[in-house]
Amino acid sequence: MKPSIPKGTRDFSPEDMLKRNYLFDCIRSSFRRFGFLPLETPSMENISTLMGKYGEEGDKLIFKILNSGDYLEKADEKWLQDKDSKNLITQISEKALRYDLTVPFARYVVMHQHEIAFPFRRYQIQPVWRADRPQKGRYREFYQCDADVIGTDSLLCELELLQLIDDVFSKLSLKVLVLINNRKILSGMAEVLGEAERMTDITVAIDKLDKIGVEKVMEEMRTKGVSEAAIAQLDPFLRFRGSHEEKTALLKELLAGSETGQKGIGEVEELWKYARSMSFSHIRYELDITLARGLNYYTGAILEVKADDPRTTFASSICGGGRYDDLTGIFGLPGMSGVGISFGADRICDVMEELNLFPAAAAVSTRVLFVNFGEEDVPYSLQLLQELRKAGVNAEMYPDAAKLKKQFAYADDRKIPFVAMAGSEERKSGTVMLKNMQSGSQEQVGRENLAAWFTTTQQN
RNA sequence: GUGGAUGUAGCUCAGUUGGUUAGAGCGCCAGUUUGUGGCACUGGAGGUCGGGGGUUCGACCCCCCUCAUUCACCCCA
């Protein structure tokens, strides 16, 4: 049979992994720089923990795990006959693969509330699974890198997210655009329009504005049953172009009748006040009232990050996040506000690959390869090899006394920057010949200076 | 769940209105060089043309089915 892997999953070659690890290291070190603590949760959760947290669509995209053993034994006869999958699933599956890291985090916080010092800052870098249909930049298994602060509603946390994003993407040399909105503004809008109960429909439609245009957005709202009066009221807003100040001024006007809406604008203005006093190097940020985001649990700020480089073909978001005021409530711990961001490592990887942003050094693992000159000379090489490894230099020796051509070609292929030759001549003189594979130049180094040569100089 | 595209060598792809033995570039292996990789030259290995059925004297090419991949919609990292 032909071997294969499930749709939307991937193998990562050593070359891929070196790059991915570089990326993860960058993100992880930023997280730690900002005081976030590491956390991991199981790949699978009880299905009841996940269901209903991501909206109706989200439920469908959760990978369910079949119960062990004769899983149909306890299944209801009638539901089986009716092919009633929705009800049946509750009887044949009690576990599911995690869909994101935020809900498991909320579950963790509730379970461990008595041992946590709040506000709790945690980061979590783990894969998540979604039963989506794969396409460009969309995988069924992918890594999220989350940083969340829970246990405070201070808007300084939102500001910190901006700083964190800037910190990470500065390291990666990628310019990004941060789109920010606030759910309170969106619900205020629906309220003012007299369509409070249709908020989701309205926001989902508005979210498509830049993709399908004003007319189509209105059409979609009409088909969802939004009143003509409301649509007309929204019209100037959808067509609005202007500065941040003009935008908020217009918003204030529109949302004058909604307490929630006013609050949302207030939050935006406070965040902007803070942000303006900071300096950022790799992010631009703007208020985008068409940003909605699907995840149900967001209640305040929502944000999305896109690559801001004309060369990239990547239009989809590479980070997303926001504030959730009561995610722990459903697990029995109300009044616990949190805010967080999720970096989509796989998409960031794709963008960086496309823009050639991975430094060549990221692909280097072994720094020096020892040539194998045969039995006579191997012991000497082994000693030098051991000395280098003890000094913390990644080093290896070619296992066979193959032709030099082959050994050098191997080093070349592996992108190993240095080849060490320690044959009979070097052994007698207590030296080693180091060849720089990039420049082709060679240098004879005394054994006693070998480790220092790699650790103290700026050699590669 | 809905719609579109593509499946030919390890990879990227040619392949004429259907006509003998299916090609190229890159990669791979060997040699030119038994203490020196990349470059060059020489030689070599490697393909049930995704699978099944049909039309035809004859199918990589036309038709049907199927599988796989991919892009878009929905939604999202």
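A, B, ... follow the sequence lines: proteins, then strands. Residue 1 opens every chain.
Residue A:L303 contributes atom CG, which lies 13 Å from atom C1' of B:rA77 at whole-angstrom precision. Distance, A:D413 CG to B:rC28 P: 7 Å, rounded to whole Å. Going from atom OH of A:Y380 over to atom C1' of B:rG35 covers 15 Å, rounded to whole Å. Atom CD1 of A:I165 is separated from atom P of B:rA77 by 13 Å (rounded to the nearest Å).
Nearest to the side chain of A:A409, among B:rA77, B:rU36, B:rG37, sits B:rG37. Taking the side chain of A:F142 as heavy atoms from C-beta on, and the options B:rA77, B:rG35, B:rC75, the nearest nucleotide is B:rA77. Among B:rC74, B:rU69, B:rG35, the nucleotide with an atom closest to any side-chain atom of A:L404 is B:rG35. Of the candidate nucleotides B:rA77, B:rU69, B:rC73, B:rC73 has the atom lying nearest to any side-chain atom of A:Q135. Of the candidates B:rC75, B:rG35, B:rA72, the closest approach to any side-chain atom of A:M433 belongs to B:rG35. Listed candidates were B:rG37, B:rC75, B:rA77. Nearest to the side chain of A:K208 is B:rC75. Nearest nucleotide to the A:K435 side chain, out of B:rC75, B:rG31, B:rU36: B:rU36. When distances run from any side-chain atom of A:K405 to the nucleotides B:rC74, B:rG38, B:rC76, the shortest one goes to B:rG38.
Only the P atoms considered, B:rC65 is 14 Å distant from B:rG3, to the nearest whole Å. Here the separation of B:rG10 from B:rG27, taken at their C1' atoms, is 7 Å to the nearest Å. Spacing between B:rG7 and B:rA40 at atom P, rounded to whole Å, works out to 31 Å. Between B:rG58 and B:rG19, the two C1' atoms lie 7 Å apart (nearest whole Å). Between the C1' atoms of B:rG15 and B:rC61, the separation comes to 9 Å (whole Å).
Judged by distance alone with a 3.5 Å cut-off, a donor-acceptor contact links the side chain of A:R133 to the base of B:rU2. Between the side chain of A:E426 and the base of B:rG35 there is at least one donor-acceptor pair of N/O atoms closer than 3.5 Å.
Ring centroids of A:Y380 and A:F373 are separated by 6.0 Å or more, keeping the two rings apart. Ring centroids of A:Y410 and A:Y398 are separated by less than 6.0 Å, placing the two rings close together.
As judged by a 4.0 angstrom heavy-atom cut-off over every strand, A:S439 is placed among residues making no nucleic acid contact. Residue contacts for A:Q407: at a heavy-atom cut-off of 4.0 Å it reaches no nucleic acid atom on any strand shown. Using a 4.0 Å heavy-atom criterion, one finds that A:Y410 contacts no nucleic acid atom at all.
For RNA chain B, if you chain together Watson-Crick or G-U pairs that step i with j, i+1 with j-1 and so on, the runs of at least three with distances under 3.5 Å are B:1-7 with B:67-73, B:10-13 with B:23-26, B:28-32 with B:40-44, B:50-54 with B:62-66.
Under the salt bridge (Lys or Arg N to Asp or Glu O under 4.0 Å) criterion, A:R32 pairs with no residue at all, not counting sequence neighbours.
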